[in-house]
Amino acid sequence: VIIDDYLDCSAEEIEQLRFLESRVPLTFHGIGLGLASSREVNSQILKKFSKFLRHFPDSTWSEHIAFVRGDGIEIHHLAQPPMNLDTLKGLKRNLEIVFDSIGSYPILENPASLISPPNSIWREEVWMQKICEETPVKLLLDLHNLYANSVNFSFDPYSWIDSIPSERIAAIHLAGGKRIGERKNKILDSHLHPVPEEVYQLLAYTAKRVQQNLDIVLERDGKYPPISELIQELGRAKSICGRTFSGIP
Amino acid sequence: VGEPLVASPDLETFLARLYTDKEFLNEFKNNPDVIMSAYNLSDEEKKSVLQIDHEELELASHGFRKKREYVISQVPKKIPFWKKWLYKFLR
């Protein structure tokens, strides 16, 4: 459930979600907090997140390691932040502000990017290590974002996975994208295509490293294939993970 | 935590505009120094912005603009109070 879609929702919609929650596991996913920023998290949006999440005290929620606005300019999407000390300090501060307001930390997701963020002093895997060292959060490992960034910025995704503490991984996102650019050398995380083989391989590698159960979400935002294909993709993830699969379509 | 962060907020504002405003992006490509001078960027930040790969910047900003247009188009128009009242009354 995308939290941002429900920030101004009615009591009736909350009841509908609670009804759904009583029957299937729900996971709540935020987009608009912009936690990885040297600016303080937007207090009005945070208040709405807090009000919404109070209805679902037993559920986990997640957000992104991204910035989404700058002084009145809403990007309306997730931008990978400059990976430096200022942003890390800002992220830590924002996580504490969020904790004070909501009472829990979000699980943090690694974002996809087509552009190497300027003024970065760390490579992405070092950036992720620093976040794990400096904050108490768990991670939502988006394996397609990782795969896309590894192609877009020429790094080894397996070494990236090795560099983060496996016990911090709480959930996994699977998705597909497409090759773009004149030389087709960049990958856009479109959520409109089947999960590529490389992402399944990263899933197998991750599953071997973790002991705990993982929530696995297959992301698809449009161009929906027949449901049988989606079930097949989930089935493949299930067979790769074996006992670690708890599967939320 | 709690320390004042001086430099990066302006960089984020600059990047947010660069990613979402096509005209601003074109002006930046034609005259980066003039465009950057309107923002309180440190020398390091200016240097790093000048090193941005232009192909990456074009692809990323195109993607951000498309997504932004889509999100804005999906925002439901606020229903006037009288219409809500009328709907409840008729129901």
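Model, not experiment: these values are computed from the prediction. Below, read A as the first sequence line, B as the second, and so on, with proteins coming before strands; counting in each chain starts at 1.
In terms of heavy-atom pairs under 4.5 angstrom with chain B, the leader among A:A79, A:P118, A:S120 is A:P118. When the candidates B:Q51, B:K47, B:E56 are compared by the number of heavy-atom contacts under 4.5 Å with chain A, B:E56 comes out ahead. Interface remark: of the candidates A:E40, A:E182, A:R69, A:E74, A:E74 forms the most heavy-atom pairs closer than 4.5 Å to chain B.
By the 30° and 60° cut-offs, the orientation of the rings of A:F52 relative to A:F56 is tilted.
Contact of A:N185 with chain B is made through the side chain alone, with heavy-atom distances under 4.5 Å. With a threshold of 4.5 angstrom between heavy atoms, A:L188 does not approach chain B through any atom at all. Contact of A:L78 with chain B is made through the backbone alone, with heavy-atom distances under 4.5 Å. Only the side chain of B:L15 comes within contact range of chain A, with at least one heavy atom under 4.5 Å from a heavy atom of that chain. Of the two parts of B:I52, only the side chain, counted from C-beta on, holds a non-hydrogen atom closer than 4.5 Å to a non-hydrogen atom of chain A.
The distance between the ring centers of A:H77 and A:H64 does not fall below 6.0 angstrom. In this structure, A:F49 has its ring center at least 6.0 angstrom away from the ring center of A:F28.
Side-chain atoms of A:Y105 and A:E63 include no donor-acceptor pair closer than 3.5 Å. With hydrogens and angles left out, the side-chain atoms of A:W61 and A:S104 include a donor and acceptor closer than 3.5 Å.
A salt bridge does not link A:K89 to A:E134: none of the charged side-chain nitrogens sits closer than 4.0 Å to a carboxylate oxygen.
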